[in-house]
Amino acid sequence: MSASSHATTFAPAVTADGKQGLIGLDRPGLEAALATLGLPPFRARQVWHWLYHRGVTSFDAMTTLAKPVREQLAERFSIARPEITRDQASIDGTRKWLIKMNDGQEVEAVHIPETDRGALCVSSQVGCTLTCRFCHTGTQPLVRNLGPDEILSQILTARDALQAWPPVGTNPNNETSTLTNIVMMGMGEPLYNYDSVATALRIAMDGEGIAISKRRITLSTSGVVPMMERCGTELGVNLAVSLHAVTDEVRDELMPINRAYPIKELMKACRNYPGSTNARRITFEYVMLKGVNDSLADAHALVRLLSGIPAKVNLIPFNPWPGSNFECSSRAQIERFAHVLLDAGYASPVREPRGRDILAACGQLRSDSLRQKKVRTETVVPAEPEAVAVAP
Ligand code: SAH
Ligand code: SF4
C-alpha cells in the first residue's frame with residue numbers, strides 16, 4: 001500500500017452488519033448521508049451536535065430527534081466506537097489506549113495530563129513507512145493510513161474514557177481541562193496521510209462540537225516538505241518539525257526522509273510556513289542521542305540553522321525501546337546543549353519523558369501483532385512492575 005498524501009474521497013467504513021459509519025464525515029458528507037433517508041440538513045446539524053458536542057454513542061440517546069427518525073438512523077448507520085483492547089495508566093498519570101479498528105489493526109493514543117490541561121497524542125497511521133532509526137514505530141512491518149473516522153475515534157474514545165464530554169446545558173465552547181490539546185505525534189507521519197488528518201482535525205476544530213482551537217493543535221512532521229505549506233494554509237495548526245540532526249550526513253543516517261528532503265529544503269519550508277510568528281513559533285524536536293548528535297558543536301550549528309525562523313527547540317531525551325541501538329545523552333550533556341541554545345535566545349525545555357513505564361513516551365508507540373500477543377498475556381501480570389493495567 002502506498003502511504004502517499006493523495007488520498008481519495010473518504011468513504012466511511014461499513015460495519016460487519018452492513019451499516020455505514022457516520023463518524024469522520026464532514027458536515028456536507030453527513031448531510032448527504034442523511035439525505036439518502038430523505039432527512040433535511042437541519043437533521044444533520046442535530047446529529048452533528050449529538051456526535052461531537054455530546055459524544056453520544058447510540059442514536060437512541062439523540063433525544064431531540066423523534067423516535068421514528070432515531071430508529072431509521074440506527075437501521076442504516078453506525079456511530080459505534082472502536083474497541084479498546086488495552087488501557088494502561090502510568091505511575092505519572094499518562095494513559096495509553098490500544099484501539100482496534102474494524103480490520104483488526106490496532107493503533108495507540110496517549111493522554112498526557114498536566115495540572116490545568118491535557119494533551120492527547122494521536123496516531124495518523126498504523127505503523128509508519130519511514131524508518132527513523134531511533135523510533136520504535138518505524139520498525140512496525142505493517143503500515144496503512146488511518147481514515148478520518150479512525151483518527152477522530154481516538155479523540156472520541158479518549159473523551160469517553162476521561163469523562164471529558166461537557167455536561168448537558170453547557171455551551172459548545174467546551175474546552176475541558178483534561179483534554180485541551182491535540183498533538184499529532186503518535187504513530188505515523190501525518191503529512192503522508194494529509195487528507196484524512198485534515199478532515200479529522202477540521203471536525204475536531206469545529207466550534208459546534210469538540211471545539212479544540214487550531215492554536216491548541218500541533219502537527220509533528222519528519223519533514224515532508226511538499227506538504228508543509230498546504231498544512232499551514234489550510235489548517236493553520238502549530239507545526240513541530242523532527243529535526244534531530246544538523247548535518248545531512250547524520251540526518252540521512254537517522255532519518256531516511258532526509259535523502260528526499262535535505263536540511264536546506266526543510267529549513268526553507270519552515271521559513272515559509274504560513275502563520276508562524278514570534279508568538280506562534282515552530283517547534284524543532286531534537287532527540288538527544290549520546291555521541292551521535294549531542295556535541296556542543298552540534299548545538300552551535302543548530303543555532304545557525306534556526307536563524308531567521310520563529311523557533312523554539314524541544315530537546316527530547318531518547319526513549320529506549322526493546323532492541324533499540326542508541327543511548328540517551330547524559331543529563332549533564334543535555335543541560336550543556338540546552339545552555340548553548342539558551343545563550344542564543346532559545347529557551348529549550350527538555351521534554352520530560354512521560355509514560356515510559358508503559359512504553360507510551362515519544363517514539364515508543366508500536367503495536368504489531370507480535371507485541372500485542374505478548375501484551376495480552378501481560379494484562380494478567382504486567383511485565384513492567386510500574387505499569388498498571390486499568391482494563392480490560
Ligand atoms: N512522524 C512524526 C510524528 C510522530 S513521532 C514525526 O516524526 O515528527 C513524535 C516525535 O517523537 C518525533 O519528534 C520523533 O522523532 C520522536 N521520537 C521518535 N522516536 C523516539 C525515541 N525513541 N525517543 C524520543 N523521541 C523519539
Ligand atoms: Fe515515522 Fe516519525 Fe517514527 Fe520517523 S519518527 S519512523 S517519521 S513516526
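Order of listing sets the numbers, starting from 1, for every ligand and every atom in it.
Checked by atom type, the side-chain pair Glu208/His49 shows a donor-acceptor distance below 3.5 Å. Judged purely by distance below 3.5 Å, without hydrogens or angles, the side chains of Thr221 and Glu189 pair a donor atom with an acceptor atom. Neither side chain, Asp160 nor Thr157, offers a donor N or O lying under 3.5 Å from an acceptor on the other. Residues Arg356 and Asn319 have side chains that bring a donor and an acceptor to within less than 3.5 angstrom of each other. Counting only N and O atoms by type, the side chains of Asp26 and Thr199 include no donor and acceptor under 3.5 Å apart. Under the 3.5 Å distance criterion, with hydrogens and angles disregarded, a donor-acceptor pair is assigned to the side chains of Thr139 and Arg366.
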> Given the rule in the salt bridge (charged side-chain N to carboxylate O under 4.0 Å, His left out) test, do Arg230 and Asp195 qualify, once you have shown the distances and angles that lead to the verdict?
Replying inline: CA-CA 11 Å; Arg230 190 164 161 210; Asp195 289 345; 3.5 Å; yes
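Listed by chain and number, residues touching ligand 1 at under 4.0 Å (heavy atoms only) are Phe134, Cys135, Met185, Gly186, Gly188, Glu189, Ser220, Thr221, Ser222, Ser242, His244, Glu285, Val287, Ile316, Pro317, Phe318, Asn319, Trp321, Cys362, Gly363. Within 4.0 Å of ligand 2, protein heavy atoms belong to Cys128, Leu130, Cys132, Cys135, Gly138, Gly188, Ser222, listed by chain and number.
Evaluation of the side chain to side chain donor-acceptor pair (under 3.5 Å) rule for Asn238 yields Arg280 as partners, not counting sequence neighbours. Take Trp50 and apply the side chain to side chain donor-acceptor pair (under 3.5 Å) test, not counting sequence neighbours, and it matches Thr64.
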